[in-house]
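In what follows, every heavy atom counts, from backbone to side chain, and hydrogens, waters and symmetry copies are set aside.
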Amino acid sequence: MADDILNVEGLTLHYGGSQILNGIDMGARLGEVTCIMGTNGVGKTSLLKALSGTHPRSGGTYMLAGETIGKLGAYDMARRGVGYVPQGRDIFPFLTVEENLETGFACLPRSERHLPDDIFDLFPILKEFMPRRGGDLSGGQQQQLAIARALITKPKVLLLDEPTEGIQPNVIQQIGEAIRLLRSKGDIAIILVEQYFSFAFDLGDRFYVIERGAVKLNGDKDSLTSDQLAESTAI
């Protein structure tokens with residue numbers, strides 16, 4: 001669609017001889033949360049890896065901010081404005097919180113390599129924990145750190161893979177509030193893979209349900225009911 005900052009058509013992905021994604025068509029808009037839903041093993045994480053350049057896609061077209069994107073790696077995709085928070089967070093356990101955040105500087109010009117205050121508005125605990133090692137944080141705090149690190153790169157599109165996994169309820173609420181605030185700014189598209197149904201439905205503006213590597217159901221929130229989505233994502 002013309003108003004999508006990110007749009008893919010016919011996206012395919014293979015692991016060795018196995019085809020994991022089978023012609024995915026999807027888009028994401030600025031100021032919206034696009035939810036990718038489905039049961040375990042249907043290709044949701046593989047889709048985020050393809051969008052982020054972490055795993056090369058096999059085929060299909062990829063448009064970002066009106067530009068056709070070739071088969072670029074993760075570093076080049078980050079430089080073009082795609083931030084990725086993988087499942088499991090992948091923070092550096094022996095670096096401090098501050099050093100973890102500064103790893104996001106790698107894809108920024110030297111003049112922009114500073115920690116913006118709005119990161120700490122989203123996640124105030126990180127300012128308090130700047131000298132602590134990443135591995136000493138709780139799972140929820142590590143998740144906040146991973147999201148903050150991705151935001152340092154000033155993404156146009158933020159990919160979040162299972163941000164509530166293994167997180168205590170009060171931090172899930174904080175992460176939800178952070179996503180709402182980011183959405184309200186209107187200058188970032190958020191693509192969320194999430195198994196926690198009520199969290200995803202509450203935050204989502206647009207939904208894609210994946211089954212066997214293909215889109216089974218999609219639509220905006222005003223065209224899909226909670227029951228329709230729940231039924232389509234049931235095992």
Side-chain angles (χ1 to χ4, degrees), residues 1-39 41-87 106-108 150-151 153-163 179 182-183 186-194 200 203-224 229 232-233:
M1 293 177 63
D3 60 347
D4 290 339
I5 188 167
L6 180 149
N7 188 276
V8 296
E9 293 183 0
L11 187 147
T12 58
L13 180 143
H14 290 76
Y15 289 136
S18 300
Q19 184 163 343
I20 307 302
L21 299 178
N22 305 300
I24 298 284
D25 297 343
M26 67 160 292
R29 306 181 189 111
L30 294 176
E32 288 191 359
V33 175
T34 299
C35 290
I36 311 297
M37 305 178 77
T39 56
V42 297
K44 303 185 301 297
T45 289
S46 295
L47 175 56
L48 292 197
K49 287 182 176 180
L51 296 178
S52 67
T54 305
H55 187 90
R57 64 189 189 275
S58 306
T61 60
Y62 188 151
M63 299 286 292
L64 181 66
E67 181 182 358
T68 300
I69 300 296
K71 295 180 181 180
L72 302 178
Y75 174 74
D76 288 315
M77 291 304 296
R79 290 191 67 182
R80 287 172 182 260
V82 178
Y84 178 39
V85 182
Q87 190 174 17
C107 57
L108 294 177
L151 292 172
T153 67
K154 302 183 178 180
K156 303 182 187 78
V157 178
L158 178 64
L159 310 174
L160 300 174
D161 194 356
E162 302 279 9
I179 291 172
L182 289 168
R183 175 178 58 187
D187 59 358
I188 189 170
I190 298 166
I191 299 179
L192 172 68
V193 164
E194 183 54 63
L203 285 170
D205 299 292
R206 194 176 189 181
F207 300 89
Y208 290 87
V209 178
I210 304 231
E211 184 178 276
R212 296 180 183 175
V215 176
K216 171 186 177 183
L217 177 72
N218 74 91
D220 291 340
K221 195 168 199 170
D222 59 4
S223 66
L224 294 171
L229 281 170
S232 69
T233 57

In Å and rounded to the nearest 0.5 Å, what is the [atom1] to [atom2] distance from [X] to [Y]?
X: M26; Y: L11; atom1: CE; atom2: CG; result: 9.5 Å
X: M63; Y: L6; atom1: CE; atom2: CG; result: 10.0 Å
X: L72; Y: R80; atom1: CG; atom2: CZ; result: 5.0 Å
X: L203; Y: T34; atom1: CG; atom2: OG1; result: 12.0 Å
X: L159; Y: L51; atom1: CG; atom2: CG; result: 6.0 Å
X: K49; Y: Q87; atom1: NZ; atom2: CD; result: 8.5 Å

Please identify each residue that fulfils side-chain hydrogen bond (donor to acceptor under 3.5 Å, both in side chains) with [X], with sequence neighbours left out.
X: D205; answer: R183
X: S52; answer: T54
X: E162; answer: none

Apply side chain to side chain contact (heavy atoms under 4.5 Å, CB included) to [X] and list each qualifying residue two or more places apart in sequence or on a separate chain.
X: K71; result: R57
X: A65; result: I5, K156
X: D220; result: R29, R206, D222, S223
X: A78; result: C107

Single hit among I190, L48, I191, I36 for side chain to side chain contact (heavy atoms under 4.5 Å, CB included) with L160
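Per the side chain to side chain contact (heavy atoms under 4.5 Å, CB included) rule, the option paired with L160 is I190, out of I190, L48, I191, I36.
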
Minimum side-chain heavy-atom gap L192-P163 below 4.5 Å:
yes

Summary of side-chain hydrogen bond (donor to acceptor under 3.5 Å, both in side chains) pairs that have at least one residue in residues 15-27, sequence neighbours excluded:
H14-Q19, Y15-S46, Q19-N22

Would L151 and I188 count as a side-chain contact (heavy atoms from CB on, under 4.5 Å) if you check the C-alpha gap in whole Å, the side-chain angles of each, and the deciding distance to 0.1 Å?
CA-CA 10 Å; L151 292 172; I188 189 170; 4.1 Å; yes

Over all heavy atoms of both residues, which pair between [X] and [Y] is shortest? Give the atoms and the distance, please.
X: V8; Y: Y62; result: CG1-CG, 3.9 Å
X: I24; Y: G213; result: CD1-O, 3.4 Å
X: A28; Y: A189; result: CB-CB, 4.2 Å
X: D4; Y: G27; result: OD2-CA, 3.6 Å
X: S232; Y: L217; result: OG-CD2, 3.6 Å
X: L21; Y: A50; result: CD1-CB, 4.5 Å

Does Y208 have any ring-ring contact (aromatic ring centres under 6.0 Å, His included) partners at least two apart in sequence or in another chain, and if so, which?
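Residues passing ring-ring contact (aromatic ring centres under 6.0 Å, His included) with Y208: none at all.
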
Is K44 reaching over with its side chain to a backbone N or O of T39, donor-acceptor style, under 3.5 angstrom?
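Checking the backbone N and O of T39 against the side chain of K44, a donor-acceptor pair under 3.5 Å is found.
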
I'd like to know whether T68 forms a side-chain contact (heavy atoms from CB on, under 4.5 Å) with T61, so could you lay out the CA-CA distance, the side-chain angles of the two residues, the decisive distance to 0.1 Å, and finally the verdict.
CA-CA 7 Å; T68 300; T61 60; 5.6 Å; no

